[in-house]
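Reviewing the structure listed below.
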Amino acid sequence: MENENNKPYSELSDHQLADLVKKGDDNAFEIIINRYKGLNSYLAHEYCIPEYDICDFTQEGLLGLLSACKTFNSTIGTTFKNYAAVCIKNRFVSIIRKSKSKSAIPKENIVSIDDSRFSDTNDFEFSDNNRSNPEELVVSKERLKEFLIQMKQSLSQREITVAYFYLKGLTYEEISQKTGISKKSVDNALQRVKKKLQE
């Protein structure tokens, strides 16, 4: 596959590809993505914060890479690689700053790892079927105790708080209101909880 330079994309330099990206050439950007996949992944793992899944963070890095392509000037005295790294990092730093400004959970709503609420299975709701069957209710409470112990050992403070309200039957919207974090962050936290507990 060739372009206006009459060369295969793979033979073009980074700044030539960046120039093509500026003109809307998606094929050129695909080559850039492949060339910088490793760098983007490395930086994503280095900067990723608990509120984000690493895959989401990697996608954000691609936006930083796209920005690098659209703003790179070969006369500025630096390589495209160094410039791209700066743009990707800036993207991550911007996300982190924005997240920190919105992510503080009110102290009164934080559920501590050693919170007594986690040791009291009566604090959680059980189905009507279990209520009508004492034996099933006891089994359910025992399983819940084991589950709560596992949570304490595996999860972060935020994940525990979000999981606690989720187990209490609160919706994403209600958890968001309780914790002061976005519904997306609530969803990401619960996805991490499920993954950690499955492992």
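Values below: every heavy atom of this structure, side chains too, minus hydrogens, waters and symmetry copies.
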Apply side chain to side chain donor-acceptor pair (under 3.5 Å) to residues Thr71 and Tyr83 and explain how you reach the verdict.
CA-CA 9 Å; Thr71 58; Tyr83 186 75; 2.7 Å; yes
Inter-residue atom distance Glu174.CD - Tyr166.OH, 0.5 Å rounding:
12.5 Å
Where do Asn188 and Ser185 land on the side chain to side chain donor-acceptor pair (under 3.5 Å) test, with the steps shown first?
CA-CA 5 Å; Asn188 286 340; Ser185 294; 5.4 Å; no
pair Phe29-Leu17: side-chain heavy atoms closer than 4.5 Å
no
Any Cys87 side-chain heavy atom under 4.5 Å of Leu65 side chain:
no
Are Val86 and Leu62 co-members of a hydrophobic cluster defined by side-chain heavy atoms under 4.5 Å apart?
no
Would you indicate whether the side-chain heavy atoms of Phe80 and Cys69 approach each other to under 4.5 Å?
yes
What distance do Lys168 atom NZ and Ile175 atom CD1 have between them, rounded to the nearest 0.5 Å?
12.0 Å
Are the side chains of Phe165 and Tyr172 in contact, using a 4.5 Å heavy-atom criterion?
no
Treating Ser41 as the side-chain partner and Lys37 as the backbone partner, does any N or O pair qualify as donor plus acceptor under 3.5 Å?
no
Ala163 to Leu190 - nearest heavy-atom pair and separation
CA-CD2, 4.2 Å
Answer whether the closest heavy-atom distance between the side chains of Tyr36 and Ile88 falls below 4.5 Å.
no
Taking Leu39 as the starting point, is it possible to reach Ile33 by hopping between hydrophobic residues whose side chains are less than 4.5 Å apart?
yes
Could you tell me which residues satisfy salt bridge (charged side-chain N to carboxylate O under 4.0 Å, His left out) with Asp56, sequence neighbours excluded, listed by chain and number?
Lys184
Given 3.5 Å as the limit, does a donor-acceptor pair link the side chain of Ser74 with the main chain of His15, or not?
no
What residues form a salt bridge (charged side-chain N to carboxylate O under 4.0 Å, His left out) with Lys22, not counting sequence neighbours?
Asp19
Side-chain touch Ile49/Phe92, heavy atoms, less than 4.5 angstrom
no
What pairs meet the salt bridge (Lys or Arg N to Asp or Glu O under 4.0 Å) rule with one or both residues in residues 74-92, with sequence neighbours excluded?
Glu60-Arg91
Heavy-atom pair with the smallest gap, counting every atom of Thr78 and Asn82
OG1-CB, 3.5 Å
In Å and rounded to the nearest 0.5 Å, what is the CZ to CD distance from Arg35 to Glu30?
13.0 Å
Joint hydrophobic cluster, Tyr42 plus Phe57, side-chain heavy atoms closer than 4.5 Å
yes
Using the rule given for side-chain contact (heavy atoms from CB on, under 4.5 Å), can you reason through Val162 versus Val193, listing the C-alpha separation, both sets of side-chain angles and the distance that settles it, and then say yes or no?
CA-CA 9 Å; Val162 170; Val193 168; over 6 Å; no
Given side chains that start at C-beta, do those of Ser67 and Lys70 come closer than 4.5 Å, heavy atoms only?
no
Looking only at heavy atoms, what is the nearest atom pair of Asp25 and Asn27, with distance?
OD1-N, 3.0 Å
May I ask you to decide if Pro8's main-chain N or O and Glu11's side chain share a donor-acceptor pair within less than 3.5 Å?
no
I'd like to know if the side chain of Asn40 reaches the main chain of Thr58, judged simply by a donor and an acceptor atom lying under 3.5 Å from each other, with no hydrogens or angles considered.
yes
Between Leu20 and Ile31, is there a side-chain heavy-atom distance shorter than 4.5 Å?
no
State, to 0.1 Å, how close Leu43 and Ala85 come at their nearest heavy-atom pair, and which atoms those are.
CD1-O, 4.0 Å
Does atom CG of Asn73 have more than 12 heavy-atom neighbours from other groups under 6.0 Å away?
yes
